[in-house]
2 protein chains.
Amino acid sequence: MTSKTKSLERNRRALNVTGLRITSQRALILEIIRRGHLDADEIYRQAREKQPRLSLSTVYRTLQVLKKLGLVEELHFDDTHHHYEVKPSSDHHHLVCLGCGQVIEFHYPLSRYVKRNVPEAKEFKVIETEVRMTGYCSKCR
Amino acid sequence: MTSKTKSLERNRRALNVTGLRITSQRALILEIIRRGHLDADEIYRQAREKQPRLSLSTVYRTLQVLKKLGLVEELHFDDTHHHYEVKPSSDHHHLVCLGCGQVIEFHYPLSRYVKRNVPEAKEFKVIETEVRMTGYCSKCR
DNA sequence: CTCAGTGCAAAAGCTTTGCATAATA
DNA sequence: TATTATGCAAAGCTTTTGCACTGAG
């Protein structure tokens, strides 16, 4: 089984559990999101290379569905676009370089740490944590 | 000196250092932002109670200027609006309740903690840290 | 065959911009 | 008085929605 078939299979399963219909558009979009942090328009452009008739509305609608299902997470790197990525299982955060624009991911159980140390957070039931640190990477600083 | 005069004086000084012109609109907008986390439209509505002729463009332009000067920080609580607050001196983060919408602030030197513990962050020069945890507050959980 | 999903085009936000007018320094 | 800032209206972007058609189950 090729890696590509495997990935398609994984997407098919992910969609299937939910009772949603498995359309070629959804499988393709999910496939593309796995490539990294992308915004709607980038997903649209990449998807149209495979399916030229795909519409931007479908991209947005699919992203909403996947977000609602918890398969995909919406991020806020900059002011104008949203970015999307497949939802990670653990705390999962980002360093955004103001110089070259690269996004460095890191995993760390920050919500646990915050809950332990911050009085305000003690009685808060945390659902989601997003940490975004901007600055300069080792090359750009 | 009343507290109100003092606050006006503070805004005047804040604007003055920068070489910008002190207009009644800018002073008013800065005054309003000090009240808490507000989005452009809320600022606009509150500002118009005092200056009915103020335009929304002026609000946006002023916010951009203040942001560029580092007097005000732009936040990303939800998908559709930006929120603004006067820039705090130390690490300063937010718990957003999905139930009642309240925003709980907390201070904690998280960037320092991350830099110490996360390998990816070690050689990163951090300029700004934004932590946003969503979930449910003690009343809503 | 049926209903969920799609494409297209149009609308709906929020935010920015051009230009003449008003106000600051 | 010389610019800078404002107000208004119009444009620009991203995102959402209505509707008829298509395709998955």
Side-chain angles (χ1 to χ4, degrees), chain A residues 8 11-33 37-69 71-84, chain B residues 8 11-33 37-45 47-69 71-72 74-84:
Chain A
L8 286 177
N11 291 347
R12 176 165 293 269
R13 236 175 312 146
L15 288 170
N16 215 2
V17 202
T18 65
L20 291 176
R21 291 192 178 169
I22 299 165
T23 64
S24 58
Q25 291 92 331
R26 284 181 177 166
L28 177 59
I29 288 170
L30 196 44
E31 169 98 12
I32 287 171
I33 298 175
H37 319 94
L38 301 171
D39 66 14
D41 202 61
E42 281 163 1
I43 294 168
Y44 177 58
R45 268 201 301 276
Q46 294 194 25
R48 281 177 65 115
E49 290 176 10
K50 294 244 172 155
Q51 293 191 27
R53 300 216 32 182
L54 181 93
S55 77
L56 187 54
S57 346
T58 298
V59 172
Y60 276 109
R61 274 188 286 231
T62 302
L63 287 173
Q64 293 215 125
V65 168
L66 296 177
K67 194 173 65 169
K68 201 163 286 174
L69 291 172
L71 283 172
V72 154
E73 193 166 10
E74 194 176 79
L75 308 169
H76 308 263
F77 289 150
D78 64 55
D79 316 353
T80 48
H81 305 64
H82 304 153
H83 287 243
Y84 299 86
Chain B
L8 286 176
N11 289 348
R12 176 166 293 270
R13 234 176 312 146
L15 287 169
N16 214 2
V17 204
T18 65
L20 291 177
R21 292 193 177 168
I22 299 165
T23 63
S24 56
Q25 292 91 330
R26 284 180 177 165
L28 177 59
I29 289 169
L30 195 44
E31 169 98 12
I32 287 171
I33 298 174
H37 320 93
L38 301 172
D39 65 16
D41 203 61
E42 281 162 1
I43 295 168
Y44 177 58
R45 269 201 302 275
R48 281 176 67 114
E49 291 176 10
K50 294 244 173 154
Q51 293 191 28
R53 299 215 33 181
L54 181 92
S55 78
L56 188 53
S57 345
T58 297
V59 172
Y60 276 109
R61 273 189 288 230
T62 302
L63 287 173
Q64 292 215 126
V65 168
L66 296 177
K67 193 172 65 170
K68 201 162 286 174
L69 290 173
L71 283 172
V72 153
E74 192 177 79
L75 308 169
H76 307 262
F77 288 151
D78 63 56
D79 316 351
T80 48
H81 306 63
H82 304 153
H83 287 242
Y84 299 85

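In what follows, every heavy atom counts, from backbone to side chain, and hydrogens, waters and symmetry copies are set aside. First the proteins, then the strands, lettered A, B, ... as listed; each starts at 1.
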Between [atom1] of [X] and [atom2] of [Y], what distance do you get to the nearest 0.5 Å?
X: B:R48; Y: B:I43; atom1: CZ; atom2: CD1; answer: 14.5 Å
X: A:I29; Y: A:E31; atom1: CD1; atom2: CD; answer: 11.5 Å
X: A:L63; Y: A:H82; atom1: CG; atom2: NE2; answer: 11.0 Å
X: A:T62; Y: A:L30; atom1: OG1; atom2: CG; answer: 9.5 Å

For [X] against [Y], the heavy-atom pair lying closest together:
X: A:S55; Y: A:Y44; value: C-CE1, 3.6 Å
X: A:H37; Y: A:H83; value: O-ND1, 4.0 Å
X: B:R26; Y: B:R21; value: NH1-O, 3.2 Å

Measure from [atom1] on [X] to [atom2] on [N] and round the result to the nearest Å.
X: A:K68; N: D:dT15; atom1: NZ; atom2: P; value: 16 Å
X: A:D39; N: D:dC13; atom1: CG; atom2: P; value: 14 Å
X: A:L28; N: C:dG7; atom1: CG; atom2: C1'; value: 15 Å
X: A:Y44; N: D:dT15; atom1: OH; atom2: P; value: 14 Å
X: A:Q25; N: D:dA24; atom1: CD; atom2: P; value: 8 Å
X: B:H83; N: C:dC14; atom1: NE2; atom2: C1'; value: 12 Å
X: B:R26; N: C:dA23; atom1: CZ; atom2: P; value: 15 Å

Using a cut-off of less than 4.0 Å, is there contact between a side-chain N or O of [X] and OP1 or OP2 of [N]?
X: A:T23; N: C:dA4; answer: no
X: A:H82; N: D:dT15; answer: yes
X: A:Q64; N: D:dT16; answer: yes
X: A:Q51; N: C:dT6; answer: no

- Item | Members of residues 52-63 of chain A that approach DNA chain D, where some heavy atom sits under 4.0 Å away | A:L56, A:S57, A:Y60, A:R61
- End-to-end axis angle, where each axis spans five pairs of the helix from C:dC1-D:dG25 to C:dA25-D:dT1, to 10°: 40°
- Can you name the residues that form a side-chain contact (heavy atoms from CB on, under 4.5 Å) with A:Q51, not counting sequence neighbours? A:S24, A:Q25, A:L28, A:L54
- Task: Please examine the side chains of A:L66 and A:I33, heavy atoms only from C-beta on, and report whether any two atoms are closer than 4.5 Å.
- Result: yes
